[in-house]
Amino acid sequence: MSSLLDPLNPEQLQAVTLPNQHALILAGAGSGKTRVLTTRIAWLIQTGNATPAGLLAVTFTNKAAREMLTRIAAMLPISTRGMWIGTFHGLCNRMLRAHHRDAGLPPLFQILDTQDQLGAVKRLLKSLDVDEDRYPPKQVQWFINDRKEEGLRAKDVVVHDEAGRRYTELFAAYDEQCQKEGAVDFPELLLRCFELLQRNEPLRAHYQARFRHILVDEFQDTNRLQYRWLKLLAGKENAIFAVGDDDQSIYAFRGANVGNMADLEREYRVQNVIRLEQNYRSHGNILDAANALIAHNRKRLGKNLWTAAGEGEPLRVYEAASDGYEARFLAEEVQSLLREGCARRDVAILYRSNAQSRVIEHALFTQGIPYRVYGGLRFFERQEIKHALAYLRLLANPDDDGALLRVVNFPARGIGARSVEALQDAAAAGGTSLWQAVPRVAGKAGAAVGAFVKLIDTLRASTQGLPLPEVVAHALQASGLRAHYKAERDGADRVENLEELVNAAAAFVQDEGYGAQAPAADAGDAAQLPVPDPLGQFLAHAALESGENQAAEGTDAVQLMTVHSAKGLEFHTVFITGLEEGLFPHEQSATEQDGLEEERRLMYVAITRARTRLYLSFAQTRLLHGQTRYNVASRFLDEIPAGVMKWLTPRDRPVVPDSAWQAAPAPARYRKEPGGGAPHLPFRIGQSVVHAKFGQGVIVNAEGSGTDARVQINFGPQGMKWLQLEYAKLQAA
DNA sequence: AATCCGTCTATTTTT
DNA sequence: TAGACGGATT
């Protein structure tokens with residue numbers, strides 16, 4: 001028993017061995033958060049405080065859930081299969097499958113991912129003849145999801161204006177369409193499950209009696225609906241063990257509500273607030289930088305990281321003349337790090353927005369350094385996979401209009417827009433799904449769609465009872481998808497992905513242990529239990545787990561990613577790039593409530609990814625959206641104590657090689673010859689200047705001449721200003 | 001049915 | 001600048 005608790009420090013130990021009461025664990029970056037969570041679960045089970053079936057643990061990503069299961073399995077000699085550990089969406093899906101009738105859903109309801117949902121919205125707008133310029137599909141989708149995450153149905157929405165009324169109507173129509181098609185989008189999984197528990201008292205009581213312990217990972221990322229869902233499950237008796245870090249809350253833009261932490265503490269009178277502040281990851285200088293930076297935020301629960309490790313190296317700061325030079329610096333620095341023996345995968349280059357990766361990739365490629373870019377399309381989001389899944393969805397549920405429309409003429413089989421329209425008219429007239437409307441379509445169109453129906457029916461009959469991977473393989477064959485991509489010029493990758501789908505199905509069947517028993521359900525719900533249904537489960541899996549990125553995870557390569565995707569990871573060396581006002585902090589954040597504080601938390605996350613070496617870099621010039629932009633250094637650089645930084649370039653004394661200014665006019669002082677530009681100014685675009693009141697800035701634009709001459713200056717924190725040259729006493733910096 | 005062309009847009013992202 | 005998308009063309 002002691003071995004389980006041995007590796008813990010006093011605070012971790014206290015958290016792990018808390019009595020059965022509510023607890024809020026403020027777990028700083030690198031403080032052993034996952035260890036505490038998993039050891040808590042193991043300890044609860046080992047001491048008999050809980051049974052494996054009596055606890056529920058919820059995470060945000062499948063990866064986090066998997067890691068938890070793996071670590072528990074390593075600590076305890078129990079089977080983790082059937083334990084309720086998963087994502088919010090995964091757990092809700094599980095509950096809705098078990099109680100689909102009570103939830104008002106068909107047993108084989110389909111899950112719409114974000115793409116599918118947008119498609120469904122577009123389809124709806126078309127059928128209602130809505131002007132897509134006035135009501136853009138994306139806006140409608142956003143409106144719907146936003147309401148759902150507030151726990152609202154269309155009938156609950158308070159309408160203020162005409163547009164709001166229209167949006168709300170569309171919301172209602174959308175939900176109706178989904179219901180008819182047996183489709184459930186992501187927020188709907190949560191809301192349906194929430195409503196089910198709220199409405200159905202016996203069911204709620206059943207789950208409350210079962211889950212005496214509710215553990216939540218990354219609690220700062222929960223949205224309002226998720227919190228309310230947790231509260232329903234927790235009831236009055238059960239213990240919530242929430243782990244989170246308000247300083248790492250970086251998802252407000254997608255609905256995360258840090259306020260849930262304070263609410264939990266207040267509403268549940270949490271006596272046990274434990275701070276995990278000892279950091280096991282980074283050296284002292286890195287933590288000093290992080291602590292000093294985040295201290296600039298006003299809204300905090302308060303926390304200070306410390307380490308027993310030494311102060312380590314100073315942070316290295318580099319100012320580049322342009323984004324291209326910054327990238328070249330990165331590549332050269334990485335090269336020498338690798339020569340010193342640092343593993344490629346232990347080096348990360350971080351940036352605020354994806355568009356920044358391009359230049360960096362170019363530089364790494366030129367240097368011949370293998371790299372891997374995170375983000376982009378995942379396996380189950382690929383076009384060919386979506387097509388294949390659409391055929392499988394039609395096998396499971398022919399009334400799935402979205403799936404039918406996707407593949408009715410793909411690969412091309414002579415069912416053109418006219419035929420599809422005829423089919424849609426027939427469906428609208430009869431108030432049925434497209435599939436059911438097929439017999440009512442006359443003429444040539446009728447024959448064509450009839451053939452498609454026959455294709456699907458034949459496929460269903462011929463795969464009846466076959467193991468899932470074989471069903472998938474047959475579908476690829478009979479649909480003509482494989483042949484189609486084989487014939488395509490650049491289709492080799494797609495064919496490969498399709499083959500991979502068969503493997504994914506095989507792996508899924510293996511992991512879920514089909515044939516042995518149905519996935520764990522509850523006593524008392526047996527009557528509603530669907531027959532073991534590998535296909536339906538696999539389709540849900542495909543929607544809920546979008547799968548790996550294109551690049552293989554195992555390859556040893558330098559890692560390129562946004563700061564957001566770096567959360568939760570750590571590296572020997574981290575480069576934080578593009579530290580410029582307008583980029584990081586991003587200019588868009590200025591318009592958002594508490595936007596700057598969130599940007600600062602983002603920077604905090606970035607800094608705390610580094611174990612031993614941290615580089616900070618920025619560029620004077622950056623090409624963005626085809627335009628050259630002149631930025632001032634990020635204010636975050638000023639918020640880090642000078643004592644922990646070492647400037648690799650002279651501070652505030654930019655070194656500008658002439659060649660960097662080929663595209664833009666060079667600052668006067670670097671010009672060998674006087675320029676022949678039109679407005680004859682004592683200053684040049686791109687030049688750093690000092691203003692008595694606004695401080696240091698960079699000239700980004702100029703117009704007029706003589707006494708009319710005005711220049712636009714980016715003063716960073718002080719904002720962008722147009723100044724009359726005659727009056728503004730500008731000095732070259 | 002495929003290809004071309006103009007238009008639009010351009011933080012961050014998981015499920 | 002570049003990529004995605006939708007409509008129109010061939």
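Only heavy atoms go into these numbers, but all of them, side chains included; no hydrogens, no water, no symmetry mates. We name chains A, B, ... by the order of the sequence lines, and we start the count at 1 in each one.
The separation between A/H89 atom NE2 and B/dT15 atom P is 9 Å, rounded to whole Å. The separation between A/I111 atom CD1 and B/dT14 atom P is 18 Å, rounded to whole Å. Nucleotide B/dT15 holds its C1' atom 17 Å from the CZ atom of A/R94, rounded to whole Å. Distance A/Q115 CD to C/dA4 P: 12 Å, rounded to the nearest Å. As rounded to whole Å, 15 Å separates atom C1' of C/dA4 from atom NE2 of A/H625. The distance from atom CG of A/L602 to atom C1' of B/dT12 is 7 Å, rounded to the nearest whole Å. As a whole-Å value, the separation of A/H484 NE2 from B/dA1 P is 12 Å. Atom C1' of nucleotide C/dT1 and atom CZ of A/R358 are separated by 8 Å, given to the nearest angstrom.
A distance cut-off of 5.5 Å between ring centres, combined with a plane angle under 30°, leaves A/H564 outside any stacking arrangement with the base of B/dT12.
Here A/N409 lies in heavy-atom contact (under 4.0 Å) with sugar-phosphate atoms only. Within the 4.0 angstrom heavy-atom criterion, only backbone atoms of the sugar-phosphate kind lie near A/Y251; the bases stay farther away. Counting non-hydrogen atoms under 4.0 angstrom, A/F60 reaches the backbone sugars and phosphates but no base. A/D221 comes within 4.0 angstrom of nothing in the nucleic acid, heavy atoms only. At the heavy-atom level, A/K138 lies nowhere under 4.0 Å from the strands shown. Counting any heavy atom pair closer than 4.0 Å across all strands shown, A/D113 reaches no nucleic acid atom. Among the heavy atoms of the strands lying under 4.0 Å from A/S565 are primed sugar atoms or P, OP1, OP2 only; no base atom is included. Residue contacts for A/E599: at a heavy-atom cut-off of 4.0 Å it reaches a base atom on one of the strands shown.
OP1 or OP2 of B/dT14 sits under 4.0 Å from a side-chain N or O of A/R378. Phosphate proximity of B/dT15 to A/R254: absent, as no side-chain N or O sits under 4.0 Å from OP1 or OP2. Residue A/T562 places at least one side-chain N or O under 4.0 Å from the OP1 or OP2 atom of B/dT13. A close approach under 4.0 Å does not occur between any side-chain nitrogen or oxygen of A/N223 and OP1 or OP2 of B/dT15. For the OP1/OP2 pair of B/dT15 and a distance below 4.0 Å, the side-chain nitrogens and oxygens of A/T87 include no atom meeting the criterion. Distances shown here put a side-chain N or O of A/N62 below 4.0 Å from the OP1 or OP2 atom of B/dT15.
With respect to A/E581 and A/R635, a salt bridge is recorded, a charged nitrogen being found less than 4.0 Å from a carboxylate O. In this structure, A/K386 pairs ionically with A/D116, as a charged nitrogen and a carboxylate oxygen lie closer than 4.0 Å. A salt bridge links A/R393 with A/D400: the distance from a Lys NZ or Arg NE/NH1/NH2 to an Asp or Glu carboxylate oxygen falls below 4.0 Å.
Looking at A/T114, its side chain comes within 3.5 Å of the base of B/dT15 through a donor and an acceptor atom.
Residues A/Y485 and A/Q383 bring a donor and an acceptor atom of their side chains to less than 3.5 Å of each other. Judged by distance alone, the side chains of A/Q220 and A/E218 do bring a donor and an acceptor atom under 3.5 Å apart.
At a threshold of 4.5 Å between non-hydrogen side-chain atoms, the residues A/K148 and A/R153 count as touching. Side-chain contact between A/E326 and A/T621: absent, with no pair of heavy atoms (C-beta onward) separated by less than 4.5 Å.
DNA chain B is contacted by both A/A412 and A/E598; A/A412 maps to the nucleotide lying nearer its 5′ end (nearest heavy atom per residue). Annotation: of the two residues near DNA chain B, A/F186 and A/I415, the 5′-most nearest-nucleotide partner is A/I415.
Between B/dT13 and C/dA2, the two C1' atoms lie 22 Å apart (nearest whole Å). Here the separation of B/dT14 from C/dG3, taken at their C1' atoms, is 24 Å to the nearest Å.
Nearest to the side chain of A/F253, among B/dT13, B/dT11, B/dT15, sits B/dT13. In this structure, of B/dA1, B/dT15, B/dT12, it is B/dT15 that holds the atom nearest to the side chain of A/L544.
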